[in-house]
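Atom set for the values below is all heavy atoms of this structure, side chains included, hydrogens, waters and symmetry mates excluded. Reminder, nothing fancy here: chain letters follow the sequence lines and each chain counts from 1.
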There are 2 protein chains.
Amino acid sequence: MATRPRRGPRPAPQDSRSRILAAATAEFALRGFAATTVDRIAARARFNKAMIYYHFGSKQSLYRAVLRDIFTAMGDHLVRIADEPLAPGEKLDRFVAAFVAEGSARPEIAPIVLREVAEGGRRLDEETYTLMLRIVRTMTGIVQEGRDAGQFADVDPILLYLTTVWPIMIYLATSPIRSAIARVARFDVHRLDPERFVAHLQQLNRRTLAPVDAPVSRPTGVSS
Amino acid sequence: MATRPRRGPRPAPQDSRSRILAAATAEFALRGFAATTVDRIAARARFNKAMIYYHFGSKQSLYRAVLRDIFTAMGDHLVRIADEPLAPGEKLDRFVAAFVAEGSARPEIAPIVLREVAEGGRRLDEETYTLMLRIVRTMTGIVQEGRDAGQFADVDPILLYLTTVWPIMIYLATSPIRSAIARVARFDVHRLDPERFVAHLQQLNRRTLAPVDAPVSRPTGVSS
DNA sequence: GTCTATAAATAGATAGAC
DNA sequence: GTCTATCTATTTATAGAC
């Protein structure tokens, strides 16, 4: 890595690789793998096409690098929540809020993930698969913890994962066209504000996980 | 339409158009718009490429025809449920069960819809948009009806639509790789059986919609 | 490490015969 | 209505100069 010692601040650091990676992430999110051309990625990164092949070898392996990059960042962020010393109900609320926040900060993630799902995961290699699994485990772990502590009802963590994370993905993917949707369907955009959406999901989970015959606790203000 | 009167049963009816449509639906679902070639569609329909241009003019308008076809069928099926003389809670349960059933019977729908979402709906024309909206309205109508009757809690129908329909779409899209996922993540596949999934969603909605301080009613056996 | 060709393959679309 | 042949443009990938 430290092959070329730098002097002036002029040419950006080991910049080129990550510049390509960022450009590729944006393009793949926008158009999907097949419709994205290496030329466009190069143009966005303000490089030449050959530069990409020099650094990544092929379009495929560049795409794989993008996937790993994305899931690593997302996972790192979410895993921390499960480790905090909080009640399971709190953790779950935070998981939801953090997922929405992190996904909003990296708007390329949702479209890419959804396309991967539509593809039946055919492009996912072993490593990427493991990275995705880590995120699943983070959430199911929290639910299981709550069940073991007798604080949650007997709900299957996998199913709750399905009904929690995926509405978020769709929510994130449709964010850019949110106001257009609201206009055409004739409802107030504010009904889809992130705070309302997060609160809805948190309440959904609280009510679903409330032990039978126990009062439903109120969600805390984690998201706001 | 009735240009050529038929005699023998030999050459299939006005078959060719629908054969192309079916082939196109399968291919677009499998690979997405960009990665699908007109040649492959033709091959699957056992026709020549030129046949497709004769009937549909371009790859784009063929794709549009596929979208309209899909949403019309799906919508027709779901709208009926809202019109049945049932309690809102019942209707909602049936809506969920019917959505899963119909989506399973037409496995091409989910991947295509998810790719469209990832695309930001850029390929959707006015007509298709209306067809999608009809499905949204079907569900939000049921929820609104329950609220008006004082049988449901004060939950935003749009948000409930988000958290109901989209987990189903993901569930359907991942169906082909369900067992692979279960194996890698090391849990029993049966936990993702359609009946369990439907029951989970129904319970989620029941608990969420239960009027405050009222007992949560038990889901009826609509799905089983 | 970065760029300028350019090779090689592929895919959307059309012309025109039958 | 259906097919063969072909045109044209695009795109992945590489060779080779700097």
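Near-neighbour residues of DNA chain D inside residues 58-66 of chain A, defined by a heavy atom below 4.0 Å, number-ordered: A:Ser58, A:Lys59.
Between A:Asn48 atom CG and D:dT14 atom C1' the separation is 12 Å, expressed in whole Å. Rounded to an integer number of Å, the gap from A:Arg17 CZ to C:dG1 C1' is 14 Å. Atom P of nucleotide D:dA13 and atom NE2 of A:His55 are separated by 17 Å, given to the nearest angstrom. B:Lys49 has its NZ atom 9 Å from the P atom of C:dA11, to the nearest Å. Rounded to whole Å, the distance from CD on A:Glu27 to P on D:dT12 is 12 Å. Remark: C1' of D:dC18 and OH of A:Tyr54 are 14 Å apart, rounded to the nearest angstrom. Rounded to whole angstrom, the span from the CZ atom of B:Phe56 across to the C1' atom of D:dG1 amounts to 14 Å.
The residue among B:Asp39 and A:Phe47 whose nearest nucleotide of DNA chain C lies closer to the 5′ end is A:Phe47.
Counting all heavy atoms, side chain and backbone alike, A:Ala29 lies closest to A:Ile112 at CA-CG1, 3.7 Å.
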### Query
Do B:Phe197 and B:Ile168 pass the side-chain contact (heavy atoms from CB on, under 4.5 Å) test, and can you show the C-alpha distance, the side-chain angles, and the key distance before you say yes or no?
CA-CA 9 Å; B:Phe197 175 67; B:Ile168 299 180; 4.0 Å; yes

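Using modelled atom types and a 3.5 Å distance limit, the side chains of B:Arg19 and B:Ser16 yield no donor-acceptor pair. Residues A:Thr164 and A:Asn205 bring a donor and an acceptor atom of their side chains to less than 3.5 Å of each other.
Checked against C:dA15, C:dG12, C:dC3, the side chain of A:Ala50 finds its nearest nucleotide in C:dC3. Residue A:Tyr53 has its side chain nearest to D:dT14 when only D:dG1, C:dG12, D:dT14 are considered.
Salt-bridge annotation for A:Arg134 and A:Asp76: present, with a side-chain N of the basic residue lying under 4.0 Å from a carboxylate O of the acidic one. Using a 4.0 Å cut-off between a side-chain N of Lys or Arg and a carboxylate O of Asp or Glu, A:Arg115 and A:Glu119 do not qualify as a salt bridge.
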